[in-house]
Structure formats: structure tokens, C-alpha cells
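Everything below concerns the one structure shown next.
For the numbers below, each heavy atom of this structure counts, side chains included, while hydrogens, waters and symmetry mates do not. The shown structure was predicted, so the numbers you read here are calculated from the model rather than taken from an experiment.
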Amino acid sequence: VVFSCFSAPAGAQGTANDIVFHAGGLANERFYCVKELSDGTVLIGGVADDMNWIPAGVSVTEISTSSASIPNNRGTNKYPFLLRVTNDMGTVLGAWHLPQNSAEEIRYIKTNTAPGTATGGIWISGQNAHSSSRDDGFFVAKLNGNFVDSSPTALEWSTAIWAEGDHETW
């Protein structure tokens, strides 16, 4: 997996500010979203076949869904994950994941943080796959920690959002 992140003027081919970050192995990892936290570290959300590609010595924490489950009984046995990395993306600081097959991905990371203020709450969302049409489509969930003040250990709450027809998130 290579995640490229840079800011350049429209039409530019890239600049000296390019950052290329590599993480992964043979596990079909995908990175979908990135969010900078108020302490300068960066969260990356995605999905992987397993979590064995995380560098040795880096903590890997499963985020409990026992009090806020996500309907996903037609899932593909993936691990939706969040990586926390340094602001230069040079070091993986930690990895957090939802239980295997609890959702299809973490596609978006959102906060209620105004620019220049401390990181507040963190919400994640992505696709789920469930046999009940009213639960198939997407999920939105709030983490019980924001990585800056405390490490998340569980979902505070979650909800399924029904979508029918072609609801791929491109």
C-alpha cells in the first residue's frame, strides 16, 4: 500500500512537499481516508485482510463493538482499521481495528474540531453488508476516545443507514 499525500497548486505535478507513506504487506490493505489531529499526528482509515502487516513493536488494539454493534452478517471477513502515524508519516504509532467482519471498511473519519483547536470527538463511517434491507448500506459510529486525550477502546454508539441499489462509495 502506498498512500500519497501532497498539497500543490492546481495543475502542478507535485512539489518538494510530497509525502509518500508505505505500510502493508501481502494482506490486500486499502487506505481510504486521512485526518490530522490537533497534536500533529495523522489518522489513516482503511481495511485489510488481516493485521499482521503492522510493524513489530507497534500496539494493535481491537475496538469493542459489544455495546454498539454494526450489522454486517454478509461481510467479507475484513478488518476495518485506523492507523495513527507521525506528522511526517515516517512512523506508525499505533493501530486500532474493529473486530473482523464487523464492517466492510472505515471510509471516512470526521471530527467536531474547529481549525486550531484541540481534537474533540471522532466519528467513523463506511460500508456494511447485511441481509436485512433496512440495515444494509452504511454505518456511522462515534469512538469513545479521540487519540489525543485518550485511546479509543470501544464504539460509543453506532447506527446503520439503509441504502439500496448501487451504493458503492467511490
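Looking at every heavy atom in both residues, S158 comes nearest to A68 through OG-O, 3.0 Å. Between W123 and N112, the shortest heavy-atom distance links the atoms CZ3-N, 3.7 Å. A pairwise comparison of heavy atoms in Y32 and G46 identifies CD1-CA, 3.9 Å as the closest pair. Across every non-hydrogen atom of N128 and A160, the tightest pair is ND2-CB, 4.3 Å. Considering all non-hydrogen atoms of both residues, I44 and M89 come closest at CD1-CE, 4.3 Å. Taking both residues in full, the closest heavy atoms of E156 and L143 are given as OE1-O, 3.9 Å, listed atom of the first, atom of the second, then distance.
Using the six-membered ring where Trp is involved, F81 and F31 have ring planes that are perpendicular, over 60° apart on the 30 and 60° scheme.
S125 contributes atom OG, which lies 8.5 Å from atom CZ of F138 (distance to the nearest 0.5 angstrom). Between atom CG of residue N144 and atom OG of residue S67 there is a gap of 8.0 Å, rounded to the nearest 0.5 Å. With rounding to the nearest 0.5 Å, the separation of CZ in R84 from CZ in F147 is 7.5 Å. The structure places CD of E62 at 5.0 Å from NE2 of H97, a figure rounded to the nearest 0.5 Å. For the atom pair L82 CG and I63 CD1, the distance stands at 5.5 Å (nearest 0.5 Å). Taking OH of Y79 as the reference point, atom CD of E29 lies at 13.0 Å (rounded to 0.5 Å).
Looking only at atom types and distance, the side chain of T41 has no donor-acceptor partner in the side chain of N87 under 3.5 Å away.
Remark: side-chain polar atoms of T113 are paired, donor with acceptor, to backbone N or O of G120 under 3.5 angstrom. E104 contributes a side-chain N or O that, together with a main-chain N or O of T76, makes up a donor-acceptor pair within less than 3.5 Å. Q100 places a side-chain N or O within 3.5 Å of a backbone atom of N77 that can act as its donor or acceptor partner. In terms of modelled atom types and a separation under 3.5 Å, the side chain of S150 and the main chain of G145 share no donor-acceptor contact. Checking side-chain atoms of N146 against main-chain N and O of T119 turns up a donor-acceptor pair under 3.5 Å. Checking side-chain atoms of S102 against main-chain N and O of P99 turns up a donor-acceptor pair under 3.5 Å.
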Could you walk me through whether W96 and S151 satisfy the side-chain hydrogen bond (donor to acceptor under 3.5 Å, both in side chains) test, starting with their C-alpha distance in whole Å, then the side-chain angles of each, then the deciding distance to 0.1 Å, before giving a yes or no? CA-CA 9 Å; W96 291 258; S151 178; 2.9 Å; yes

Walk me through it: do T86 and V92 pass the test side chain to side chain contact (heavy atoms under 4.5 Å, CB included)? CA-CA 7 Å; T86 55; V92 176; over 6 Å; no

Taking it one step at a time, do V47 and N28 satisfy side chain to side chain contact (heavy atoms under 4.5 Å, CB included)? CA-CA 8 Å; V47 65; N28 192 25; over 6 Å; no

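Under the side-chain contact (heavy atoms from CB on, under 4.5 Å) rule, L43 has a single partner from V85, T111, I109, I124, which is I109.
Salt bridge R30/D49: absent, no basic N to carboxylate O contact under 4.0 Å.
Connection of V148 to L93 is not established within any shared hydrophobic cluster, with ILVMFWY side chains joined at heavy-atom distances below 4.5 Å, either directly or through further cluster members.
The closest side-chain heavy-atom distance from L83 to I54 is below 4.5 Å.
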